[in-house]
Each structure stands twice: as structure tokens, then as C-alpha cells.
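Right, one structure below, let's go through it.
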Amino acid sequence: MSAPSPQAPLVRIRGLRKSFADHVVLAGIDLDVAPSQVVVVIGPSGSGKSTFLRCCNGLEVPESGRVEICGRMLFSDGQRLPEAELDLLRQEVGMVFQSFNLFPHLSVLANIALGPRKLRGLSRADADSEALVLLNKVGLAEKAHAMPASLSGGQKQRVAIARALAMKPRVMLFDEPTSALDPELVGEVLQVMKLLASEGMTMMVVTHEMDFAREVGDVVVVMDGGVVIESGPPETIFTNPEQDRTRMFLQAVLTRG
Ligand code: ADP
Ligand code: MG
């Protein structure tokens, strides 16, 4: 396997389609994400954003179209990699969900160190010391031995980000990472995401945080009805969108409480 050239997209999606029974949820999505690019995906509820991200790390199997990660085919027209290879490729793609999904019976440190021990084959000592570095990065070094239940939502989400980073992913997917948080806790999570972006992490982020999209996004992708209705630099999408549906969606989000 040859490494992709620096210019090659890290994520390349073509003609992605997915239905649940007779309900078409993704009706043909094309998208390239370049290394270090931050793509922000916005759109109304039910437009297929979560399904789209889930197809990008193999949690959902699309019925047709292609998904390539780091130059390797995850899916092509219903064909998928064998499960073992899929698992390896999934390690290249970190995902953070709205609900933090930490293991409740493990300490913060153990939550982060588990994947590297099981899947990267690190010793406990090495996995723990890497986990501490990551906890430091997300500002929670003092919580290493705390249990998840004792943390605030914002702290849990920062641990979830550290846990995803522990697998050394090439791409990070975020699905409404701040939607379950009290408003005063949103900023600390966005701050960590900004730091990752500034370090050159390639990211796909579904969010309703329009200030984040404007400030951190390189490209904003607007989904509606299972298709990308437009995409472009945040400045263009927010000040001069082509589509009336984009305008209406932005108006609804920006005037919300
Ligand atoms: P969004 O994240 O933009 O709100 P989703 O991708 O979650 O959109 O959902 C898009 C549509 O797909 C919704 O109508 C949802 O009900 C449907 N859907 C999502 N997952 C499933 C599933 N596992 N089974 C059946 N329908 C689903
Ligand atoms: Mg969703």
C-alpha cells in the first residue's frame, strides 16, 4: 500500500447512497476532505448528517457509492472490506458523539488507555503515559483517576475526545459534540476542537454552533433531504448563500434562543 500524496484528499466520497427500508436518507453525496481541512456539516434535523458521518467510519454500510479514507476504499458499491481490515481502517477515523459513551465502570485514564492497549498493543505503562499527555491536552490531567459519573458533561466530552485521539486517528468526526451540553459548558469543548484544528487535524464536524463554523471551518457543507445543497467557504455560506433553503435554515438556527 503506497501512502497517499500530500495533496490527495484524506476522505473521498462519491455517489454515497443509503436507505432505511424505502426511506432514502442519503441520495448521492460527493465530498473531498483535504489533509488538515475542517469541514463543517450543517442542515436541518433529519437531513442525513449523522448517517453520513456514520458511513464515513463504517458504522453504517452504504448501499452504493464509495468511501475512501487515506486512499483506501472502505466501501465501493455495496462491497466492503473484510471485517478485520475494516477494523484497522476504523482506527484511522476517530468519532465523537453527542452522547459521550464513556465506559462508566472505568476511570478517566482507563477509558483513554483501553483502546491503545487492546488495539495498538501498548503496554499498560505506555498506554497510561500517552493517556496522561492527552488528558493534559484537553485540560483534565487532574481527573485521571476520577470516574466518569463525577464529571460534568463538558468534561466527559473532553475525555471522549482524548479517548478518540488515543487511537492516533488521521481524521476526526464530530456529530453534534456540544448539543447535549448546558450552554456554559459548550465553550470548553469547542476550545479543544479549535486546538485540534490549529494543530492540523483533519476534521468533519456536524454542529449548530455557527460561530465555530465561521471561525474554524474551511468549508461549510449544507445538507437537506439527503443531498448537499451547497458548500463553500463559511463567509459565502453565511453572508451570501445560493439556496433559499440555506437562508431559511440559517435564519432558524441564528434566531433560536
Ligand atoms: P440528522 O443527523 O441530519 O438529523 P439522520 O442521519 O440522523 O439525520 O437521519 C436521517 C433520517 O434517517 C431520519 O429520517 C431518520 O429517522 C432516519 N434514520 C436514521 N437512522 C436510522 C435507522 N437506523 N433506521 C431507520 N431510519 C433511520
Ligand atoms: Mg444527527
Side-chain angles (χ1 to χ4, degrees), residues 11 13-31 33 38-67 69 74-75 78 80 83 86 90 93-102 153-154 156-157 160-161 164 171-183 185-186 189-190 193 203-213 216-217 219-232 234 237-238 241 243-257:
V11 181
I13 291 148
R14 290 292 178 274
L16 190 66
R17 293 182 61 88
K18 173 76 183 172
S19 306
F20 293 106
D22 58 357
H23 178 189
V24 179
V25 173
L26 299 177
I29 307 249
D30 299 321
L31 183 71
V33 184
V38 177
V39 173
V40 175
V41 181
I42 64 174
S45 177
S47 58
K49 305 180 299 295
S50 293
T51 306
F52 176 49
L53 282 196
R54 291 165 61 83
C55 286
C56 294
N57 78 343
L59 283 174
E60 297 285 355
V61 181
E63 67 206 44
S64 64
R66 296 152 153 256
V67 177
I69 307 285
L74 196 61
F75 301 110
R80 54 192 293 188
E83 203 58 38
L86 201 56
R90 277 190 187 121
V93 186
M95 186 148 179
V96 173
F97 302 87
Q98 180 175 331
S99 56
F100 329 107
N101 299 340
L102 298 178
K156 284 181 193 164
Q157 194 60 301
I161 293 171
V171 188
M172 284 283 286
L173 311 179
F174 293 87
D175 193 359
E176 301 202 33
T178 60
S179 295
L181 300 178
D182 291 334
L185 304 177
V186 168
V189 173
L190 295 180
M193 294 166 63
M203 297 165 49
M204 295 171 71
V205 183
V206 174
T207 186
H208 296 297
E209 295 294 331
M210 297 302 159
D211 290 341
F212 175 88
V216 183
V219 177
V220 174
V221 168
V222 188
M223 284 183 64
D224 196 8
V227 296
V228 173
I229 59 170
E230 65 180 305
S231 67
I237 300 293
F238 289 120
Q243 302 292 329
D244 285 341
R245 282 184 293 168
T246 303
R247 212 179 295 276
M248 283 163 56
F249 171 72
L250 289 174
Q251 217 153 44
V253 172
L254 293 171
T255 56
R256 200 187 45 178

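One-based numbering, in listed order, for ligands and for the atoms of each. Just so you know, these numbers come straight off a predicted model, no measurement behind them. Just so it is clear, the values below take in all heavy atoms, side chains as well, and ignore hydrogens, waters and symmetry mates.
- Residue contacts with ligand 1 leave out G226, since none of its heavy atoms falls under 4.0 Å from the ligand.
- Listed for the E230 side chain is a donor-acceptor partner under 3.5 Å among the backbone atoms of Q243.
- Look at T51 and the Mg ion (ligand 2): no N/O/S atom of the residue is under 2.8 Å from the metal.
- Tested against V186 for a side chain to side chain contact (heavy atoms under 4.5 Å, CB included), the candidates D182, V189, L190 yield a single pass: L190.
- Formation of a donor-acceptor pair under 3.5 Å by the R17 side chain with backbone atoms of G65 is not found in this model.
- At least one heavy atom of H23 sits closer than 4.0 Å to an atom of ligand 1.
- Looking at K49, its side chain never comes within 3.5 Å of a backbone N or O of V205 through a donor-acceptor pair.
- In terms of protein heavy-atom proximity, atom 8 (O) of ligand 1 is closest to G48 N, 3.2 Å.
- Residue-ligand proximity, P44 to ligand 1, at heavy-atom distances under 4.0 Å covers atoms 3 (O).
- For K18 (side chain) and V61 (main-chain N/O), a donor-acceptor pair under 3.5 Å exists by modelled atom type.
- Residue-ligand proximity: G43 is placed with every non-hydrogen atom at 4.0 Å or more from ligand 1.
- At least one N or O atom of G46 sits closer than 3.5 Å to an N or O atom of ligand 1.
- Nearest non-hydrogen protein atom to atom 27 (C) of ligand 1 is F20 CD1, 3.2 Å.
- Looking at V41, V25, V24 and measuring to atom 12 (O) of ligand 1, the nearest heavy atom belongs to V25.
- Within a 4.0 Å radius of atom 15 (C) of ligand 1, the protein contributes no heavy atom.
- Taking distance alone, with nitrogen or oxygen atoms compared against 3.5 Å, F52 stays at or beyond that limit from ligand 1.
- R80 places no side-chain N or O within 3.5 Å of a backbone atom of F75 that could act as its donor or acceptor partner.
- In this structure, atom 7 (O) of ligand 1 lies nearest to the protein heavy atom S50 CB, 3.6 Å.
- Taking only nitrogen or oxygen atoms, main chain and side chain alike, T51 reaches within less than 3.5 Å of ligand 1.
- Side-chain atoms of E63 never come within 3.5 Å of backbone atoms of L16 as a donor-acceptor pair (strictly under, hydrogens ignored).
- Proximity of a side-chain donor or acceptor of Q157 to a complementary backbone N or O of T178 within less than 3.5 Å is not detected.
- Partner of V40 under the side chain to side chain contact (heavy atoms under 4.5 Å, CB included) criterion, chosen from V206, T207, V222: T207.
- The proximity of A21 to ligand 1, defined as any non-hydrogen pair under 4.0 Å, does not occur for either the backbone or the side chain.
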